[in-house]
**Q** 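First, the structure itself, so that you have it in front of you.
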There are 2 protein chains.
Amino acid sequence: MSNISKTTDWREGRRRSARDAIIDAAWSLVAEEGLAGLSLRDLARRAGITTPTVYSYFDSKNAIYDAMFAQAATKFAKRMAEPFGDLDPLEVLVTGVRRFASFCTSDPARYQLLFQQTLPGFEPSPESYAPAVEALAHARGWLARNGITKARHVDLWTALVTGLVDQQISNDAGGSRWTRLIEESMAMFVAHCQPSRVSPNRSSRQTPRKGSLL
Amino acid sequence: MSNISKTTDWREGRRRSARDAIIDAAWSLVAEEGLAGLSLRDLARRAGITTPTVYSYFDSKNAIYDAMFAQAATKFAKRMAEPFGDLDPLEVLVTGVRRFASFCTSDPARYQLLFQQTLPGFEPSPESYAPAVEALAHARGWLARNGITKARHVDLWTALVTGLVDQQISNDAGGSRWTRLIEESMAMFVAHCQPSRVSPNRSSRQTPRKGSLL
DNA sequence: GTCTATAGCTGGATAGAC
DNA sequence: GTCTATCCAGCTATAGAC
């Protein structure tokens with residue numbers, strides 16, 4: 001099918017892993033200096049190359065941030081898409097939120113890049129952004145399994161979940177003061193959205209699904 | 001009581017208003033350029049002075065941030081301390097959270113400075129920080145009026161409230177997509193904390209108050 | 001592709017005249 | 001207190017040899 005020679009593939013592969021090595025160095029740097037503290041000098045030094053060499057792989061500093069965003073969004077999507085096995089709807093929701101929280105708290109700089117728009121002058125390209133929306137569609141699926149499809153309730157859920165994660169990262173880094181509230185808060189939330197629910201099956205959907213996933 | 005001459009008072013007043021003018025210029029700048037985009041050159045230009053003159057009022061750039069923090073924290077404390085008139089406990093809570101959200105969303109840069117620890121290399125001095133904790137004590141009072149005093153519930157409440165505000169600022173600036181959920185979310189929260197409550201009075205406190213306010 | 005060298009700019013902060 | 005002039009450090013990005 002392809003007429004690309006083995007040599008070209010090989011070079012492409014090398015180029016790719018060199019790019020990845022730079023991105024890896026970038027992540028380790030922002031973990032220490034903060035997301036905004038990324039300088040191309042330090043980055044080059046840590047990657048074992050010089051500043052101009054960085055420019056042979058990335059057009060600009062923002063292109064580096066964009067590659068970091070794309071990598072993070074892809075990992076995020078994969079993590080959210082992992083199957084749950086045989087769990088009932090509420091357990092799916094709780095486990096999913098735990099996953100989300102674990103993903104976020106394990107690397108605050110990554111969380112800041114992905115979910116807080118706080119980097120001056122940077123916004124991700126549509127290609128980099130795409131996996132992130134895909135991942136959020138999964139979250140909607142978790143809610144839908146609990147019969148929760150109203151936009152108002154989805155918004156309330158995003159506020160609750162991001163609030164827990166945000167407080168955890170900002171005020172108890174490394175601990176579990178807020179993440180341990182996940183189960184209780186999800187029970188509260190589901191009980192609020194399904195006031196008359198008796199059994200945890202899908203019998204009493206509040207709104208008909210249109211074209212939503214799951 | 002004081003032996004300070006009128007002249008000295010006058011000069012002190014002038015010095016003070018000059019400081020205030022610089023801080024005002026700083027707020028208008030960060031509203032446009034973002035909190036991290038504050039440069040002393042631009043600040044001086046906007047304040048109608050030159051860079052060295054800024055240094056005759058503030059020792060460093062961080063001292064300017066600290067003065068901004070102090071001013072914001074003081075305004076915050078005053079806003080939170082305003083009386084509520086004759087409201088029942090739940091109305092007090094809802095009104096208080098609305099106040100908090102209104103304060104936060106009306107100036108995102110101020111919110112970022114006060115509540116998100118995102119400025120590289122800056123942390124407020126204890127003096128500047130003091131009014132902020134005072135204000136949070138008021139919030140505890142709103143909760144206590146609803147019989148909510150458990151640390152776990154207070155944490156859940158802070159996550160919920162900051163999550164709503166955060167989503168509002170990040171994803172619907174200028175709108176009300178999340179702030180309009182305040183009443184519903186507070187009802188959900190209070191119902192969860194007071195599962196057996198029948199009437200909205202203070203009859204069924206869950207935990208005895210120790211030395212808490214109100 | 002990788003280097004040395006450096007351009008070009010902006011930042012915070014200071015010296016010293018007035 | 002306010003200015004002009006300037007220092008020095010850091011940054012992104014590029015030119016050009018190899």
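Order of the sequence lines sets the chain letters (A, B, ...), proteins ahead of strands, with each chain counted from 1.
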**Q** Less than 4.0 angstrom between a side-chain N/O of B:Thr53 and OP1 or OP2 of D:dG1, yes or no?
**A** no
**Q** Could you tell me the separation between the CZ atom of B:Phe58 and the P atom of D:dG1, rounded to a whole number of Å?
**A** 13 Å
**Q** Using only side-chain N and O atoms of A:Thr50, determine if any of them is under 4.0 Å from OP1 or OP2 of C:dT2.
**A**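 No, no such contact exists.
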**Q** So, do B:Phe58 and B:Leu43 sit near enough that their side-chain heavy atoms are less than 4.5 Å apart?
**A** no
**Q** Can you tell me how far C1' of C:dG12 sits from CG of B:Leu43, to the nearest Å?
**A** 12 Å
**Q** Touch check for B:Leu38, heavy atoms < 4.0 angstrom, all strands: base, sugar-phosphate only, or nothing?
**A** sugar-phosphate
**Q** Atom CZ of B:Arg45 to atom C1' of C:dG11: distance rounded to whole Å?
**A**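 It is 13 Å, rounded to the nearest whole Å.
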**Q** Taking the inter-plane angle between the rings of A:Tyr65 and A:Phe122 on a 0 to 90° scale, is it parallel (under 30°), tilted (30 to 60°) or perpendicular (over 60°)?
**A**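 The rings of A:Tyr65 and A:Phe122 sit tilted, inter-plane angle from 30° to 60°.
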**Q** What integer distance in Å separates A:Lys61:NZ from C:dC9:C1'?
**A** 14 Å
**Q** For A:Leu40 and C:dT10, what is the distance between atoms CG and P respectively, to the nearest whole Å?
**A** 17 Å
**Q** Does A:Arg41 make a side-chain donor-acceptor contact with the base of D:dG10, cut-off 3.5 Å?
**A**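 No pair found.
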**Q** Between A:Asp42 and A:Arg45, does any NZ, NE, NH1 or NH2 come within less than 4.0 Å of an OD or OE carboxylate oxygen?
**A**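 A salt bridge links A:Arg45 with A:Asp42.
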**Q** May I ask you to decide if A:Tyr111's main-chain N or O and A:Asp107's side chain share a donor-acceptor pair within less than 3.5 Å?
**A**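 Side chain of A:Asp107 to backbone of A:Tyr111, a donor-acceptor pair under 3.5 Å: no, none is there.
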**Q** Using a strict cut-off of less than 4.0 Å between a Lys/Arg side-chain nitrogen and an Asp/Glu carboxylate oxygen, indicate whether B:Arg46 and B:Glu33 qualify as a salt bridge.
**A**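 Judged by the 4.0 Å cut-off on N to carboxylate O distance, B:Arg46 and B:Glu33 do not form a salt bridge.
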**Q** Whole-Å distance between D:dC11 C1' and A:Ile64 CD1?
**A** 13 Å
**Q** Compare side-chain N and O positions of A:Ser56 against OP1 and OP2 of C:dG1 and report whether any pair is under 4.0 Å apart.
**A**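 Looking at the OP1 and OP2 atoms of C:dG1, neither is under 4.0 Å from any side-chain N or O of A:Ser56.
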**Q** Give a yes/no on whether any side-chain N or O of B:Tyr55 is located under 4.0 angstrom from OP1 or OP2 of D:dT2.
**A** no
**Q** Any idea which of D:dA5, D:dT2, D:dC11 is nearest the A:Ser39 side chain?
**A** D:dC11
**Q** From OH of A:Tyr65 over to C1' of D:dC11, roughly how many Å is that when rounded to an integer?
**A** 12 Å
**Q** I need the CG-C1' distance between A:Asp42 and D:dG10, as an integer number of Å.
**A** 10 Å
